[in-house]
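Have a look at the structure below, then the notes.
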Amino acid sequence: DAEASCSKLTRPLAGVVRRAGLSFMSNQRQQKPTLTGQRFKTRKRDEKERFDPSQFQESIIQGLNQTGTDLEAVAKFLDASGAKLDYRRYAETLFDILVAGGMLAPGGTLSEDVTPTEFCLFKAQEDIETMQAYAQVFNKLIRRYKYLEKGFEEEIKKLLLFLKGFTESERNKLAMLTGILLANGNLSASILSSLFNENLVKEGVSACFAVKLFKSWLSEKDISSVATSLRKVGMDNRLMELFPANKRSCEHFSKYFTDAGLKEISDFARNQQSIGARKELQKELQEQMARGDPLKDIIAYVREEMKKNNISEQTMIGLIWLSVMSSVEWNKKEELVTEQAIKLLKQYSPLLKAFTSQGLSELTLLLKIQEYCYDNIHFMKAFQKIVVLLYKADVLSEEAILKWYNEGHVTKGKSVFLEQMKKFVEWLKNAEEELLNN
């Protein structure tokens with residue numbers, strides 16, 4: 001009886017244990033996502049503590065305060081700190097401190113989290129020698145940590161957008177430094193796009209900053225080097241955007257930069273505008289030819305554009321020649337291309353004649369023909385026939401042809417073209433002698 005009684009007691013107890021076990025397992029299954037979620041949260045919290053810009057800022061400021069005005073010591077400190085501090089993540093903070101002394105808030109004001117350092121670009125002396133020394137600090141830092149290149153360009157773009165938040169002296173120092181860094185190739189001229197910001201342009205900040213920047217750049221490199229850097233990133237045609245729309249003219253730009261002692265920049269911008277005008281003119285000419293506009297209308301249009309854009313007849317005849325020769329699809333067979341060229345040039349000889357009123361224009365046209373026939377191999381045998389056709393059409397005079405033959409030609413295909421022209425030149429000389437004898 002005692003055994004039976006004990007058995008009765010254990011059966012319900014076993015059931016309770018089983019239910020408890022199932023409940024525990026069920027709870028375990030349900031808690032899995034919760035536990036996983038908690039694990040992620042922990043990682044995020046650890047990450048936040050680990051990457052703290054204020055700690056990074058304190059470390060850099062402390063180091064700069066210790067090195068003081070000795071920029072060699074600053075460069076060494078920055079070199080060594082890259083191994084301990086996370087430059088990759090905090091590039092913006094690093095550059096903010098080196099330029100302004102502390103982290104910058106939007107608009108260019110200093111953050112009040114930490115006492116800024118006095119040993120930075122904005123607190124340095126405002127002279128070109130000091131700025132060159134600072135440029136070396138940045139140069140060494142970026143050469144040592146190549147991954148900072150992109151972050152540095154982004155920083156300079158940002159600083160240019162903050163110009164209104166800086167004092168005049170701070171702007172001047174930043175302009176000088178930027179000019180030196182552009183000259184040294186540490187920056188791409190694409191950073192200048194920040195200066196086209198509407199608010200900066202409207203208040204004259206952009207143009208004023210650009211004057212200081214270009215003076216600094218030109219103290220290191222010549223205008224051809226500056227021009228090459230600008231062209232590389234398409235900035236050569238955008239300099240007018242430094243001024244508001246109502247002042248965006250070549251005359252205003254030229255006067256502003258010439259008065260500021262930057263005639264090289266003034267001349268460069270004028271030349272760029274002229275190049276742009278010539279490209280537009282050539283495009284329009286080709287469209288008029290494609291439409292089959294009357295030659296008298298094309299001549300009138302070209303004369304008007306020459307006057308408006310101050311384009312010489314020598315430049316214009318070169319443009320017209322290229323426009324004419326680009327107006328058709330040329331035959332690939334050498335024997336047929338000459339015939340095609342003669343037919344086309346007969347059609348457009350009145351247009352060419354209208355813009356060869358000067359001997360220099362005729363010689364320019366002859367040189368363009370020589371270069372074209374040399375550069376386009378199917379035309380090598382067509383040179384003499386083209387020249388004779390244009391002589392008969394009164395586009396080219398015998399004086400111009402003889403001058404080209406004797407001294408005015410270029411080296412491209414010289415021996416081939418002189419040999420082609422030999423008999424015709426002899427005929428011209430004999431005709432001239434006969435005329436003189438009579």
Gap separating the [atom1] atom of [X] from the [atom2] atom of [Y], nearest 0.5 angstrom:
X	Y	atom1	atom2	answer
Leu239	Gln272	CG	CD	8.0 Å
Asp293	Glu284	CG	CD	8.0 Å
Glu198	Glu241	CD	CD	12.0 Å

Using every non-hydrogen atom in the two residues, find where [X] and [Y] come nearest and quote the distance to one decimal.
X	Y	answer
Met380	Cys373	SD-O, 3.4 Å
Lys403	Leu363	CE-CD2, 4.2 Å
Ala100	Cys120	C-SG, 3.6 Å
His409	Leu367	CA-CD2, 4.0 Å
Trp217	Ala189	CH2-CB, 4.2 Å
Ser249	Met240	O-SD, 3.7 Å

Please say whether more than 12 non-hydrogen atoms of neighbouring residues, nucleotides or ligands are located less than 6.0 Å from CG in Asp79. yes
Will you find, in the side chains of Gln57 and Thr93, an N or O donor that is under 3.5 Å from an N or O acceptor? no
Ser219 and Ser216: side chain donor to acceptor below 3.5 Å: no
Indicate yes or no for a side-chain donor-acceptor contact from Asp127 to the backbone of Glu129 under 3.5 Å, with no hydrogens or angles considered. yes
Keeping the roles fixed (side chain from Glu362, backbone from Ser357), state whether a donor-acceptor pair exists under 3.5 Å. no
Considering only NZ, NE, NH1 and NH2 on the basic side and carboxylate oxygens on the acidic side, decide whether [X] and [Y] come within less than 4.0 Å.
X	Y	result
Glu304	Lys307	no
Lys283	Glu280	no
Lys173	Glu168	no
Glu154	Lys157	yes

Go through the steps for Leu159 and Ile156 under the test side chain to side chain contact (heavy atoms under 4.5 Å, CB included), then give the verdict. CA-CA 5 Å; Leu159 291 172; Ile156 297 294; 4.3 Å; yes
Taking C-beta and beyond as the side chain, do [X] and [Y] meet within less than 4.5 Å on heavy atoms?
X	Y	value
Leu110	Asp96	no
Val324	Leu285	no
Lys212	Arg171	no
Lys158	Leu161	no

With Phe379, which of Tyr374, Trp330, Phe417 fulfils ring-ring contact (aromatic ring centres under 6.0 Å, His included)? Trp330
Looking at Tyr147, does the NZ or CZ of Arg88 lie under 6.0 angstrom from its six-membered ring centre and within 45 degrees of the ring axis? yes
Passing option when Lys215 is tested against Ile265, Leu262, Ile128 for side-chain contact (heavy atoms from CB on, under 4.5 Å): Leu262
Pair up each side-chain donor or acceptor in residues 178-186 with any protein partner under 3.5 Å, not counting sequence neighbours, and list the distances.
{"unit_1": "Thr178", "atom_1": "OG1", "unit_2": "Leu174", "atom_2": "O", "d": "2.6"}
{"unit_1": "Asn184", "atom_1": "ND2", "unit_2": "Ile180", "atom_2": "O", "d": "3.4"}
{"unit_1": "Asn186", "atom_1": "ND2", "unit_2": "Asn139", "atom_2": "OD1", "d": "2.9"}

